Amino acid sequence: MNQERRDRLGDAAIDVLAESGSRGLTHRAVDAAADVPLGTTKNYFPTKDALLRASTGRIMELYAAIPRPAPVDRAGLITLLRTLLEHAEGPGRVRVLALLELQREATRTPWLAAPLDAFAAADFAYFEHAQRSAGLPVTPQRAATVTLALHAALPHLVAEGPATQAAAGLDDLDTFVSGLLDTVYGAA
């Protein structure tokens, strides 16, 4: 089948998930979001599970495509983490909203938990590697704390609540990331 069309439908499914949640993820809704003839999505992804798998896979592909150079020092790590958070609240916002919805859906759809678990575990490994690459005195606990804080920031960034962002320090991402690293690793 046509990979370009599959990607377009996957992107449309991500849009639907972000806007309407997993209950709103229907073949018709994806057809409409992708601006394709009715029935197109069902031809590519015949079941709701297939549509959820496609959405999950597409989110992972898009996430993997984000440039993430290995930092060589603490300043480079701060820049990398700030840039990733800015991406999450900017051009990646829809993808983050869809991912959060898929994580919620995984509590009701057991098979969905496995690919999301592998995806998150890889993210923990990546951020641990980035912290090591930056020359920080990494332990698994420290690396996990930084990664958990970044993950915990995502819902607040995409919800765009100014009071919550200010309370969490997310209204200034440089200060947030620097403070996080200072808290976990000590001041530079």
Side-chain angles (χ1 to χ4, degrees), residues 10-11 13-22 55-107 113 115-188:
D11 293 343
I14 291 168
D15 291 343
V16 171
L17 277 168
E19 186 176 317
S20 303
S22 62
S55 304
T56 303
R58 186 68 177 144
I59 285 173
M60 292 176 189
E61 287 173 21
L62 294 170
Y63 184 72
I66 298 169
R68 292 176 284 174
V72 296
D73 56 18
R74 189 179 188 127
L77 180 62
I78 289 168
T79 299
L80 171 68
L81 299 180
R82 183 202 68 239
T83 301
L84 290 173
L85 290 173
E86 287 172 345
H87 182 81
E89 76 176 333
R93 183 175 184 272
V94 168
R95 188 194 74 245
V96 172
L97 285 167
L99 178 60
L100 292 170
E101 182 61 30
L102 286 169
Q103 289 172 328
R104 193 171 145 252
E105 179 63 27
T107 66
L116 292 173
D117 182 48
F119 179 63
D123 211 35
F124 275 82
Y126 166 75
F127 283 117
E128 182 173 339
H129 172 74
Q131 291 167 69
R132 283 188 198 290
S133 181
L136 297 177
V138 175
T139 65
Q141 295 79 18
R142 286 177 169 172
T145 299
V146 170
T147 305
L148 282 169
L150 295 171
H151 284 196
L154 295 177
H156 301 296
L157 287 172
V158 298
E160 299 176 329
T164 303
Q165 286 185 2
L170 293 169
D171 54 340
D172 180 345
L173 293 177
D174 269 323
T175 301
F176 172 77
V177 172
S178 296
L180 172 60
L181 294 179
D182 288 351
T183 299
V184 174
Y185 291 105

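Every value quoted in this text rests on a predicted model; they were computed, and no experiment measured them. All residue numbers refer to positions in the sequence shown, counting from 1.
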Taking only Lys NZ, Arg NE, NH1 and NH2, and the carboxylate oxygens of Asp or Glu, determine whether Glu128 and Arg142 approach each other closer than 4.0 Å.
no
Determine yes or no for a side-chain-to-main-chain donor-acceptor pair under 3.5 angstrom, with Ser133 supplying the side chain and His129 the backbone.
no
What closest approach, in Å, do Leu62 and Ile14 show between heavy atoms, and which atom pair accounts for it?
CD1-CD1, 3.9 Å
Do Arg74 and Asp182 sit within salt-bridge range, that is, some charged N less than 4.0 Å from a carboxylate O?
yes
I'd like to check Leu150 versus Phe127 (side-chain heavy atoms, cut-off strictly below 4.5 Å). Are they in contact?
yes
Tightest non-hydrogen contact, residues Leu180 and Ala149, listed as CD1-CB, 3.6 Å
Begin with the C-alpha distance, continue with both residues' side-chain angles, and end with the deciding distance and a verdict on side chain to side chain contact (heavy atoms under 4.5 Å, CB included) for Val138 and Tyr185.
CA-CA 8 Å; Val138 175; Tyr185 291 105; 3.6 Å; yes
Side chain to side chain contact (heavy atoms under 4.5 Å, CB included) between Val96 and Glu89, worked out:
CA-CA 8 Å; Val96 172; Glu89 76 176 333; over 6 Å; no
Using the rule given for side chain to side chain contact (heavy atoms under 4.5 Å, CB included), can you reason through Leu136 versus Leu77, listing the C-alpha separation, both sets of side-chain angles and the distance that settles it, and then say yes or no?
CA-CA 10 Å; Leu136 297 177; Leu77 180 62; 3.5 Å; yes
Here the gap from Ile78 atom CD1 to Thr83 atom OG1, rounded to the nearest 0.5 Å, amounts to 11.5 Å
Should Arg95 and His87 count as side-chain neighbours, where that means a heavy-atom distance under 4.5 Å?
yes
Side-chain donor/acceptor of Glu101 to backbone N/O of Ala18, under 3.5 Å
no
Here the gap from Thr164 atom OG1 to Leu170 atom CG, rounded to the nearest 0.5 Å, amounts to 9.5 Å
Any idea which heavy atoms bring Gly76 and Pro71 closest together, and the distance?
C-CB, 3.5 Å
Once you round to the nearest 0.5 Å, how far does CZ of Phe176 lie from CG of Leu85?
6.5 Å
Above 12 or not: heavy atoms from other molecules or residues under 6.0 Å from CD of Gln103?
yes
Please walk me through it: do Arg93 and Glu160 pass side chain to side chain contact (heavy atoms under 4.5 Å, CB included)?
CA-CA 10 Å; Arg93 183 175 184 272; Glu160 299 176 329; 3.3 Å; yes
Quick one: pull up CG in Leu84 and CG in Leu80 and give me the separation to the nearest 0.5 Å.
4.5 Å
Is the Lys NZ or Arg CZ of Arg68 less than 6.0 Å from the centre of Tyr63's six-membered ring, within 45° of the axis?
yes
Can any side-chain N or O of Thr107 pair as donor or acceptor with the backbone N or O of Arg104 at less than 3.5 Å?
yes
Please tell me if the side chains of Asp174 and Asp172 come closer than 4.5 Å, counting only heavy atoms from C-beta onward.
yes
In terms of heavy-atom contacts, Pro155 and Leu100 come closest through CA-CD1, 4.0 Å
Distance col, row Glu86:CD vs Thr79:OG1, nearest 0.5 angstrom, shows 9.5 Å
To the nearest 0.5 Å, how far apart are CD in Gln165 and CG in Asp171?
7.0 Å
